[in-house]
Amino acid sequence: MRAPSARPANLPDMYSSARKWGTFAICCLLAIVPNIDLTALNQAVPHLSADLHPTATQILWIADAYGFALAGLLITMGGIGDRIGHKKLLLAGTALFAVASTVTAYAPSAELLIAARALLGVAGATLMPSGLSLIRRVFSDPKERTMAIGIFSGIGGLAVGLGPVIGGALLDHFWWGSVFLINVPIMAAAFLAGAFVLPETRSAVTGRLDLVSVPLSIAGVLGLVYAVKEAAAHGVDEPRVAVAAVIGAVALAAFWIRQTRTAEPLIDVRLFRRAAFSGSVGTNMFAMFALVAQSLIFSLFFQLALGWSPLKAGLAGLPGAAGAMVGGAALAPPLINALGRARVVAIGMLVAAGGFSLFVTVGLDSTYWVMLAGMLMSGSGMGMALTTTADTVLASVPKDRSGAASAISETATELGGALGMAILGSVLNAVYRDSLHLPANVPAPAASAARDSLAGAFEAASALPARVAGPLLGAARDAFVDGMHGALLCSTGLAALVGVFALVTLRSVPKVIPDDTPAEPPTPTPAQTPR
């Protein structure tokens, strides 16, 4: 009888490699769709407004419902994933995202559309922490893990730039719901592939989900995010700003105190004792403060000041995302090995600051090549820095806490982005109003609208004779460029300061963080201390 043939020695490694990269591909696919949705929605708003006739307030909620639900639930979903397993949570979120996309596409009213967008945010909150946690688990080699996180982050940024391109192409041929319905086959394919490819995760985190901590975390994050958005839209004197800020701060303080005292916390606050973790989270938040506003400013500059179409503006912004992918995937891993993590983050932020400073030379008559150089510098620098900090966050915590850790980091990123939009947007508006010198023959109502924003100037000019509208728009464009320069100078200074902050806070973090980072022994609470 012939003996069975021996299994090739390299078969387990081949299988492990296939599953590892298959898991990575699925997680990248699931990172693309929500990011495309964020920018594609902006193009769909005029079309859905003509169909559903939402009020001005409803339009704002259509845009914000997704982000509010996402930001408020990231911490909760990270904790759930660490308890039930991130494969289960990711597959559940993928299915929910497909269902919510279908409801969104066929929403018959503005109210249902807002609810569907909020449901999309709930589903989206499961994707990022679970995707990063699974990448953390399957990539045990530090260099491979850093490269994978760099590509993952770069693809997410690229998807934001692709949103206007894909959205514009769909809206040219189909109704507004098509920008959401396209999610369904992608999510279905990811669900089927994930069921077979994604690894099972048996978490060491046990115990029930603390049902008191969940609403406290949601109220805390949403209170602060809402306060920032309202301050940006209506000014800090708006009463709702103070109320929301107080609610958010009190809820977060209560949440933090509870996490230090309960036997089954939603997140392990001891993670913040690790310099690698707390320094990286802080760097992420302030780096996004500088970055997010820049992307919005250039979108307005391309489309309003230069008069480019959304498609052309979207294509023009892609080199920045490509630079981020190169900086994260190609430059960060070897530089970490050569220079250390703190220096790589500091260098990346200084390169980004150099890119922002180039934008200050951009005017209405500048060539695209000047802008291209600035985008490549800022993109590659941010890619280096944010890839290093994201990798440090995940590598510095135990695998069974990777979901909560990535959720904390993503929440800080959301808050930093919201602060950047509000504060740097306010700087732009303040300089714009101060620099705006309108012709004397502009009617008072049109002048008031023009002083509000560049978009208001365009709306006011549409109802004026050409001899008045032309000089008004010229003055508004010039003032916008001044405001853009003021905001980008702030971004330049902030990026440089973030580089110094990272150099100090991450100075003791090793180049290579072992994959088997140990969990710290729990600190006994008074109720648990033996008598």
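All values reported here derive from a predicted model rather than from experimental measurement.
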- Query: Where the side chain of Lys87 meets the backbone of Ala195, is there a donor-acceptor pair that is under 3.5 Å apart?
  - Reply: yes
- Message: Testing Ile186, Leu91, Leu90, Ile26 one by one against Phe191 for a side chain to side chain contact (heavy atoms under 4.5 Å, CB included), which residue passes?
- Response: Leu91
- Message: Tell me if a side-chain donor or acceptor on Arg117 pairs with a main-chain N or O of Ile62 at a distance below 3.5 Å.
- Response: yes
- Message: Could you check whether atom CZ of Arg507 has more than 12 heavy atoms from other residues, nucleotides or ligands sitting under 6.0 Å from it?
- Response: no
- Could you tell me the separation between the CD1 atom of Ile32 and the CG atom of Asn183, rounded to the nearest 0.5 Å? 11.5 Å
- Message: I'd like to know whether Leu252 forms a side-chain contact (heavy atoms from CB on, under 4.5 Å) with Trp256, so could you lay out the CA-CA distance, the side-chain angles of the two residues, the decisive distance to 0.1 Å, and finally the verdict.
- Response: CA-CA 6 Å; Leu252 279 183; Trp256 183 271; over 6 Å; no
- Is any side-chain heavy atom of Ser409 closer than 4.5 Å to a side-chain heavy atom of Phe277? no
- Note on the structure: When rounded to the nearest 0.5 Å, the distance separating OG1 of Thr413 from CZ of Phe286 is 12.0 Å
- Separation of Ile84 CD1 from Ile80 CD1 (nearest 0.5 Å): 6.5 Å
- Query: Are more than 12 heavy atoms from other residues, nucleotides or ligands located less than 6.0 Å from atom CD1 of Ile182?
  - Reply: no
- Message: Taking Thr126's backbone N and O only, do any of them form a donor-acceptor pair with Ser130's side chain (distance below 3.5 Å, no angle check)?
- Response: yes
- Under 3.5 Å: donor-acceptor pair, side chain of Ser133, backbone of Pro129: no
- Query: Phe24 and Phe152: aromatic ring centres closer than 6.0 Å?
  - Reply: no
- Query: Minimum heavy-atom separation for Ser491 to Phe356, with atom names?
  - Reply: O-CD1, 3.7 Å
- Give, for atom CG of Leu132 and atom CD of Glu410, the distance between the pair rounded to the nearest 0.5 Å. 6.0 Å
- Between Thr392 and Arg341, do the side chains contain an N or O donor and an N or O acceptor separated by less than 3.5 Å? yes
- Note on the structure: Hits for side chain to side chain contact (heavy atoms under 4.5 Å, CB included) against Tyr106, two or more places apart or cross-chain, chain-then-number order -> Thr102, Trp175, Leu181
- Message: Give me the atom names and distance for the closest heavy-atom approach of Thr23 to Val197.
- Response: N-CG1, 3.7 Å
- Is a donor on one side and an acceptor on the other found under 3.5 Å between the side chain of Ser378 and the backbone of Met375? yes
- Separation between CD1 of Ile347 and OG1 of Thr388, rounded to the nearest 0.5 Å: 10.0 Å
- Note on the structure: Between Leu506 and Ala276 the two heavy atoms that sit nearest each other are CD2-O, 3.9 Å
- Donor-acceptor pair, side chain of Thr262 and main chain of Gln259, under 3.5 angstrom: no
- Task: Of all the heavy-atom pairs spanning Gly328 and Thr387, show the shortest one and how long it is.
- Result: CA-OG1, 3.1 Å
- Determine, stepwise, if the pair Leu30 / Met187 fulfils side-chain contact (heavy atoms from CB on, under 4.5 Å). CA-CA 7 Å; Leu30 294 176; Met187 287 296 175; 3.4 Å; yes
- Minimal non-hydrogen separation, Ala69 against Ala118, with atom names: CB-O, 3.4 Å
- For the residue pair Ser217 and Phe255, what are the closest heavy atoms and their distance? CB-CE1, 3.6 Å
- Would you check if Met128 and Leu70 make a side-chain contact, meaning some heavy-atom pair closer than 4.5 Å? no
